[in-house]
Chemist: 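Below is a structure I'd like to ask you about.
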Amino acid sequence: MKIKDLSQKINALKKKRNAIILAHNYQLPEVQEVADFRGDSLELSRLAAKTKADVIVFCGVHFMAETASILCPDKIVIMPEINATCPMANMLTAIELKRLKTEYPKAVVVGYVNTSAEVKAQLDICCTSTNAVNVIKALKAKEIIFVPDKYLADYVSKQTKRKIIIWNGFCPTHIKILPEDIKREKKFHPFAKVMVHPECLPEVVALADYVCSTSQMCKIAKESKEREFIVGTEVGIIYRLKEDNPQKEFYPASERAVCPNMKRITQEKILWALEELKEEVRVPEEIRKLAKKAIERMLQII
Ligand code: SF4
């Protein structure tokens, strides 16, 4: 079947099911093309919470669909590829976090949204790459645990001048972007501004003009007078940046920064998910209530 026929079928079925399709900024162009909304994990979860649709087709990785389900348990949240998980989120289990908490019983536990629902249920407060610095600034506690990304923790610690107890997690995609990639691209494009995600290595972050989440990258690209950008994050965002700003140029810092899990969803899988209403992601109620508290505390701060 041609992609055009597929997208027509998807749109027809979407109406019949009263469904919306949410796609993360790192998804394949063919997925972004059929999405009702694109964004980062928090933006998409907030949209999920507001929608009047009965079915949410979440095109991203597992913890994102879980977060949507935590915020809107009355909706059917389905993933076109249930095996698309985030390796960083998988680097910390609920048992491991329990152990860490017993080592630092007085610490406030802050967790990146890239965590499982079971881990979120044990957090004091959740954060995203957009608001991590503000969340830490708002805390009065002397001891702070930050999980699971050690590079985001390093960035936040430097920005807030707070000492943070870290977990040894990282994003296998963002660490592929090296300082020499930024320097090389700067030579090719001397007038370009450098935007990088805080999941990148500290040596890469040190070379950036802007350190920001993907939603902030989209905003900066739109609002800035600059015309050229070197982009240090997963390459999928380049498609959206170019589409939103056809008069500007965007250069990936490294073509190697590809998240294989984000690329597992295709239009064929979306069609199948809508036909079968599968695979559903639902968080057990006890865990959901606790995880929701950690997310709500974050929403009160930002
Ligand atoms: S890009 Fe990194 S943090 Fe994002 S889903 Fe892939 S592995 Fe996880």
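Heads up: numbering here begins at 1 and tracks the sequence. Atoms within each ligand, like the ligands themselves, are counted from 1 in listed order.
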Chemist: Of all the non-hydrogen atoms in the protein, which one sits nearest to atom 7 (S) of ligand 1, and at what distance?
Modeler: Pro87 CD, 3.3 Å
Chemist: Taking everything shown except Lys293 itself, do over 12 heavy atoms lie less than 6.0 Å from its NZ?
Modeler: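 Atom NZ in Lys293 is not packed in, count stays at 12 or less.
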Chemist: Report the nearest protein non-hydrogen atom to atom 4 (Fe) of ligand 1: residue, atom name, distance rounded to 0.1 Å.
Modeler: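 Minimum-distance protein heavy atom for atom 4 (Fe) of ligand 1 reads Tyr26 CE1, 4.1 Å.
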Chemist: Assess, by modelled atom type and distance only, whether the side chains of Thr130 and Ser213 contain a donor and an acceptor separated by less than 3.5 Å.
Modeler: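 Distance-only check passes for Thr130 and Ser213.
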Chemist: Is Cys259 close enough to atom 6 (Fe) of ligand 1 to have an N, O or S atom under 2.8 Å?
Modeler: yes
Chemist: Students often mix this up, so state it plainly: with edges at 30° and 60°, are the rings of Tyr251 and His189 parallel, tilted or perpendicular?
Modeler: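 Parallel, since the angle between the ring planes stays under 30°.
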Chemist: Any luck finding a side-chain donor-acceptor pair between Glu96 and Thr93 under 3.5 Å?
Modeler: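 Glu96 vs Thr93: donor-acceptor pair found between side chains.
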Chemist: Taking 2.8 Å as the cut-off, does an N/O/S atom of Cys86 lie below it from atom 2 (Fe) of ligand 1?
Modeler: no
Chemist: Say whether His24 and ligand 1 are in contact under the criterion: heavy-atom distance to a ligand atom below 4.0 Å.
Modeler: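 His24 does not count as a contact of ligand 1 under the 4.0 Å cut-off.
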Chemist: Between Phe229 and Phe250, how do the two ring planes meet: parallel, tilted or perpendicular, split at 30° and 60°?
Modeler: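 Parallel.
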Chemist: Students should be able to answer this: which protein heavy-atom is nearest to atom 2 (Fe) of ligand 1, and at what distance?
Modeler: Cys171 SG, 2.3 Å
Chemist: When you measure from the heavy atoms of Asn261 to every atom of ligand 1, does any distance fall below 4.0 Å?
Modeler: no
Chemist: Going by the order shown, which atoms of ligand 1 are within less than 4.0 Å of some heavy atom of Asn114?
Modeler: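 With Asn114 as reference, the close atoms of ligand 1 come out as 3 (S).
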Chemist: Please check if any side-chain donor atom of Thr173 sits under 3.5 Å from a side-chain acceptor atom of Tyr26, or the reverse.
Modeler: no
